[in-house]
Asker: 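After the structure tokens below, expect a handful of questions from me.
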Amino acid sequence: MSNQVLLVVKKEGAKDARVAELCREFKKRGFEIRHVSMKNLTIFSLGATIQTILKKQPSISRLCLLSNHRSLLFSSYRAYNGQMDDFIYLPSRDEKDSFSSEPVKSLSNLNGIEKETLHGKIYVQMGFEQADLLFPLLFLHHRFVYFTRMEDFDWDAPISDQSPSKEYKLGNRTFSFKGEGEQVETVSIDPVASKPFAFDQDFFQAAAAAPQWTVYLIRAVLKMSIPADIKGKAATSLFHLHRDSPLKEKIFEQIQNYIEWGKDSFPEKVNLLTASLALKKEEGLLQLILQTLLEDRSYIAFHYPLLASTLGFVSYHGLQKYKGIYQDQTSVMARIVEFYQEHVRVASGEKKKGKVVIIAGQLLTQQHAPTGVVLNYAKQLKLAHPDLEVKIFVDDTFVYSPGEVMFSNAFSAAASSRFKDIHLELLDGSGIELIYSDSSLPRLERLKRDLAFFENEGPEVIWSIGANFSLGGAMLFPHYPIFSTSLGGAEALPFAHVFSGGLDGETIEKEWNEFGGGSRTYLPIHHGIELKKAEKTESRAAYGFAEEDIVLVTVGNRLDADLSLDFVEIMKGCLKDNASVKWCVIGKGGFSLIYDNCSDLIDAGRITFIDYHADLPAFYQLCDVYVNPFRKGGGISAAMAMDAGIPVLTLKSSADAAFYVGNDAVENEEFSVELHKLCSDHEYRMKKGLAMKEAIQKFFDFSRAVDDITRGFEMAKTSFDSLSTDRGK
């Protein structure tokens with residue numbers, strides 16, 4: 001006879017395969033299985049059964065109760081917590097009313113449970129299918145803290161000290177569940193008004209202690225009848241609680257299981273996925289988001305904002321791209337285009353020779369690097385070819401139309417038209433007209449207006465700059481030659497006839513192959529941008545730098561996503577080894593990696609943070625080395641540092657910055673050695689800085705850039721004509 005016993009009480013009638021399966025598992029683990037019939041069973045007769053077992057088998061070391069009847073299991077957890085060790089619940093529907101009288105009713109509704117002493121938790125075996133049976137009840141008073149998942153059942157755990165026997169007072173009645181010779185705890189559960197549920201400090205504190213329920217809690221929040229913005233904020237906050245938890249991987253597994261289960265609506269799924277950005281689980285999430293888009297057929301009118309946001313999820317949240325992502329993004333965009341083609345007429349007007357329309361993804365302030373690139377390119381093209389008629393259409397890719405964003409944490413931007421005066425000033429009377437997409441219109445009306453503009457203009461060629469995800473651009477692809485210029489690495493979507501950028505063709509082809517972009521025509525071009533000069537002279541003392549200090553600087557708008565632990569550890573080691581080195585980080589963010597690993601250096605003033613600096617060239621005059629994190633970007637800030645005469649340390653794999661630095665970019669294993677050398681060898685540092693200044697000033701040659709671009713226009717027109725001929729056959 002085993003000294004471990006499992007009592008099984010299941011509802012009469014319908015079979016429950018889960019009960020049988022768990023019984024087999026307990027039996028395999030050495031438990032003796034005893035079935036107790038529910039016929040004529042009461043909460044008190046169950047107590048008599050327990051006492052009989054304990055008397056006959058005093059050597060029992062573990063006594064558990066398994067049931068798929070909620071009222072029975074929940075009330076037993078409280079009434080017999082001092083006499084049994086574990087309680088296992090299998091959620092199910094259609095419970096009979098055989099346990100509706102007092103005290104079972106109050107006990108099973110968990111009234112007053114916060115007042116009593118309990119050991120252990122109720123183990124629950126369930127999936128998302130059964131979650132709705134449990135979580136509305138468990139939100140009240142944060143009662144989910146009394147439950148855990150059956151997956152966490154510890155088969156070998158020593159039994160903890162049990163709670164005393166119970167006596168419950170309901171009004172003027174007392175119900176006793178005292179075992180023989182045991183101390184008793186009296187709990188009053190007279191009906192009182194329940195505290196209204198709120199997303200308050202107590203709730204989040206309880207949720208932080210229950211990571212096993214994170215996804216279930218968030219799913220329940222998303223089903224609440226509350227404003228969508230509150231749902232999104234609450235869901236994001238719940239994930240944020242566990243971003244540094246050792247159980248983060250398990251929580252992400254729950255997210256994967258939820259998506260695989262897949263029976264909730266598209267809005268609920270994408271809201272949960274985008275809220276989980278706060279979990280900071282960079283690998284795998286992007287694929288889940290694209291997978292969810294690909295599987296949905298009912299909400300295509302809402303797909304575009306999420307597709308566009310995937311760009312920001314990579315750039316600002318650090319989500320990792322996966323093999324095949326470009327193919328998935330293309331499939332989603334193709335379906336969106338097909339959807340809108342059924343509602344919007346797209347036709348090519350007469351193509352007017354000498355007319356170029358530039359599609360810009362967005363134009364913001366002067367400090368926004370892509371804005372400078374687009375406006376400088378346009379201005380220099382017009383200067384070199386005054387006979388060209390050049391207009392700029394601002395797509396505002398990340399400014400969505402009313403009502404089409406149904407998820408939290410959308411990657412968005414300010415409307416470009418807010419900065420029109422700045423844009424006109426930067427164009428400096430060049431005669432280039434600016435047209436802005438009207439994001440106040442519903443998407444369908446907005447597209448009609450945007451596409452009508454192109455039909456009326458009839459451009460000979462469209463030049464897309466940093467607008468690879470333009471929905472209008474994708475719809476125009478069959479009707480106009482499109483020449484596309486990337487402001488970073490390879491572009492994901494294939495809706496252009498010729499692609500271009502500042503990287504060499506081999507690097508771009510490698511990226512397309514890695515992420516499923518397929519082979520396309522690519523033209524490397526020279527950059528054409530006016531690098532800002534210092535507007536004033538600044539002093540080191542103003543920033544707490546001594547003249548003898550070696551000042552390292554790292555700059556970026558999205559450093560929180562770009563920083564890695566390896567990079568931070570290298571910077572930390574350099575500062576520890578050389579007391580004269582200081583590190584300045586310029587950019588907005590929480591920088592938890594730096595604060596968590598370098599708090600002593602921050603306290604000592606060796607690491608400083610600046611949210612934003614309007615005159616980077618002036619600040620660079622105070623610096624000795626620009627250190628680029630292990631990222632793809634950082635190109636313009638690195639180029640500005642080179643122009644200021646300070647050496648730039650970057651990896652060869654950091655595509656944008658490495659393109660400017662050239663052969664001086666280093667491999668991963670050389671990074672730390674090169675950093676120490678730049679900090680310790682003054683002559684070497686000066687030599688490197690001078691060489692980089694000369695290189696960058698030769699690199700930014702507008703005349704060569706314009707030659708490349710006009711050649712790209714001709715290539716795009718030839719490709720378009722060839723495809724049009726093929727379609728006409």
Side-chain angles (χ1 to χ4, degrees), residues 270 273-274 276-277 280 282-294 302-337 359-364 368-371 373-374 394-401 404-416 437 439 443 464-474 484-496 499 501 503 508 511-512 514-517 556-562 631-636 655-656:
V270 298
L273 286 171
T274 55
S276 76
L277 288 165
K280 292 292 289 180
E282 290 83 3
E283 187 177 355
L285 177 55
L286 193 59
Q287 190 163 9
L288 285 182
I289 292 171
L290 267 298
Q291 173 190 328
T292 303
L293 278 168
L294 287 167
F302 300 90
H303 283 194
Y304 181 66
L306 184 54
L307 176 65
S309 289
T310 59
L311 292 176
F313 296 163
V314 172
S315 299
Y316 285 87
H317 291 277
L319 296 196
Q320 294 177 16
K321 293 189 286 189
Y322 59 91
K323 190 172 182 63
I325 180 177
Y326 291 172
Q327 185 175 346
D328 289 347
Q329 289 172 323
T330 298
S331 297
V332 173
M333 179 64 98
R335 190 189 299 158
I336 296 169
V337 167
I359 298 181
Q362 60 182 155
L363 296 179
L364 302 177
H368 180 243
T371 298
V373 172
V374 171
V394 188
D395 179 77
D396 265 344
T397 303
F398 306 112
V399 184
Y400 310 112
S401 289
E404 68 175 347
V405 178
M406 57 166 57
F407 57 94
S408 56
N409 297 320
F411 178 66
S412 60
S416 298
S437 181
S439 58
R443 178 62 69 177
S464 170
I465 308 178
N468 186 234
F469 276 68
S470 164
L471 176 54
S484 185
T485 298
S486 167
L487 297 180
E491 294 184 310
L493 305 184
F495 304 107
F499 294 85
L503 301 177
I508 292 295
E511 187 173 336
W512 276 333
E514 182 179 359
F515 299 117
N557 289 324
R558 49 179 186 266
L559 282 179
D560 254 1
D562 290 331
R631 60 181 173 180
K632 292 291 184 187
I636 299 301
D656 290 1

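Just so we're clear, the structure is a prediction, and the values are computed from it rather than from any experiment. Note: hydrogens, waters and symmetry copies are ignored here, and every other heavy atom, side chains too, is used.
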Asker: Does any non-hydrogen side-chain atom of S331 lie less than 4.5 Å from one of L294?
Answerer: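 Yes, at least one pair of side-chain atoms sits under 4.5 Å.
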Asker: Sequence neighbours excluded, which residues qualify as side-chain hydrogen bond (donor to acceptor under 3.5 Å, both in side chains) partners of S439?
Answerer: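 Listed in chain order: nothing, the list is empty.
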Asker: Which residues pass the side-chain contact (heavy atoms from CB on, under 4.5 Å) test with Q327, sequence neighbours left out?
Answerer: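 Not a single residue meets the side-chain contact (heavy atoms from CB on, under 4.5 Å) criterion with Q327.
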Asker: Going by the salt bridge (charged side-chain N to carboxylate O under 4.0 Å, His left out) test, which pairs reach into residues 406-416, not counting sequence neighbours?
Answerer: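 Applying salt bridge (charged side-chain N to carboxylate O under 4.0 Å, His left out) to every pair that reaches into residues 406-416, excluding sequence neighbours, yields nothing.
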Asker: If you round to the nearest 0.5 Å, how far is OG of S437 from CZ of R443?
Answerer: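 That separation rounds to 7.0 Å.
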Asker: By side-chain hydrogen bond (donor to acceptor under 3.5 Å, both in side chains), which residues pair with K321, not counting sequence neighbours?
Answerer: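 For K321 the side-chain hydrogen bond (donor to acceptor under 3.5 Å, both in side chains) partners, ignoring immediate neighbours, are Y326, E511.
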Asker: Sequence neighbours excluded, which residues qualify as side-chain hydrogen bond (donor to acceptor under 3.5 Å, both in side chains) partners of Q287?
Answerer: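 Applying side-chain hydrogen bond (donor to acceptor under 3.5 Å, both in side chains) to Q287 gives none.
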Asker: A side-chain contact here means heavy atoms from C-beta on lying under 4.5 Å apart; do T397 and Q362 qualify?
Answerer: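 No. Closest side-chain heavy atoms not under 4.5 Å.
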Asker: Measure from the side-chain N and O atoms of N468 to the backbone N and O of L493, and report whether any donor-acceptor pair falls under 3.5 Å.
Answerer: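 Pair found, side chain donor or acceptor close to backbone of L493.
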Asker: Do you know the tightest heavy-atom contact between A414 and L364?
Answerer: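 Closest approach of A414 to L364: O-CD2, 3.7 Å.
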Asker: Does the side chain of Y322 come within less than 4.5 Å of D328's, by heavy atoms?
Answerer: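 Side chain of D328 against side chain of Y322, heavy atoms only: contact under 4.5 Å found.
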Asker: According to side-chain hydrogen bond (donor to acceptor under 3.5 Å, both in side chains), who are the partners of Y400, at least two apart in sequence or on a separate chain?
Answerer: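 side-chain hydrogen bond (donor to acceptor under 3.5 Å, both in side chains) list for Y400, sorted by chain: S309.
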Asker: Please determine, by modelled atom types, if T274 and N409 share a side-chain donor-acceptor pair under 3.5 angstrom.
Answerer: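 On atom types as modelled, these side chains do not qualify, holding no pair under 3.5 Å.
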Asker: What heavy-atom pair brings I289 and T310 nearest, and what distance separates the two atoms?
Answerer: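 Scanning both residues completely, I find the closest heavy atoms to be CG2-CG2, 4.3 Å.
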Asker: Could you tell me which residues satisfy side-chain contact (heavy atoms from CB on, under 4.5 Å) with E282, sequence neighbours excluded, listed by chain and number?
Answerer: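 If we apply the side-chain contact (heavy atoms from CB on, under 4.5 Å) test to E282, skipping adjacent residues, the hits are K280, Q320.
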Asker: Between CG of L273 and CG of L293, what distance do you get to the nearest 0.5 Å?
Answerer: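 It is 9.5 Å, given to the nearest 0.5 Å.
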Asker: Look up atom CD in E404 and atom CG in L306, then write down how far apart they are to the nearest 0.5 Å.
Answerer: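 If we round to the nearest 0.5 Å, E404:CD and L306:CG are 11.0 Å apart.
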Asker: Dump the intermediate steps for side chain to side chain contact (heavy atoms under 4.5 Å, CB included) on F398 and L311, then the final yes or no.
Answerer: CA-CA 10 Å; F398 306 112; L311 292 176; 3.7 Å; yes
Asker: For V337 and L471: C-alpha separation, side-chain torsions, deciding distance, then whether side chain to side chain contact (heavy atoms under 4.5 Å, CB included) applies.
Answerer: CA-CA 7 Å; V337 167; L471 176 54; 4.1 Å; yes
Asker: With S470, which residues qualify under side-chain contact (heavy atoms from CB on, under 4.5 Å), at least two apart?
Answerer: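 With neighbours one apart ignored, the set is I359, D395, A467.
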Asker: Where is the tightest heavy-atom contact between V374 and A360, given as atom of each residue plus distance?
Answerer: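 Taking V374 first and A360 second, the nearest heavy atoms are CG1-CB, 4.0 Å.
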Asker: Under the side-chain contact (heavy atoms from CB on, under 4.5 Å) rule, collect the residues that match up with S484, sequence neighbours excluded.
Answerer: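 Here the qualifying residues are S464, E491, A496, F499.
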Asker: May I ask you to check whether F313 and F411 place their ring centers less than 6.0 Å from one another?
Answerer: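 So the answer is no for these two rings.
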Asker: Answer yes or no: is there a side-chain heavy-atom contact under 4.5 Å between P494 and T330?
Answerer: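 Heavy-atom side-chain distance check passes, below 4.5 Å.
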Asker: Can you list the residues that meet the ring pair (Phe, Tyr, Trp, His ring centres under 6.0 Å) rule with F469, with sequence neighbours excluded?
Answerer: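 By the ring pair (Phe, Tyr, Trp, His ring centres under 6.0 Å) rule, F469 matches no residue at all.
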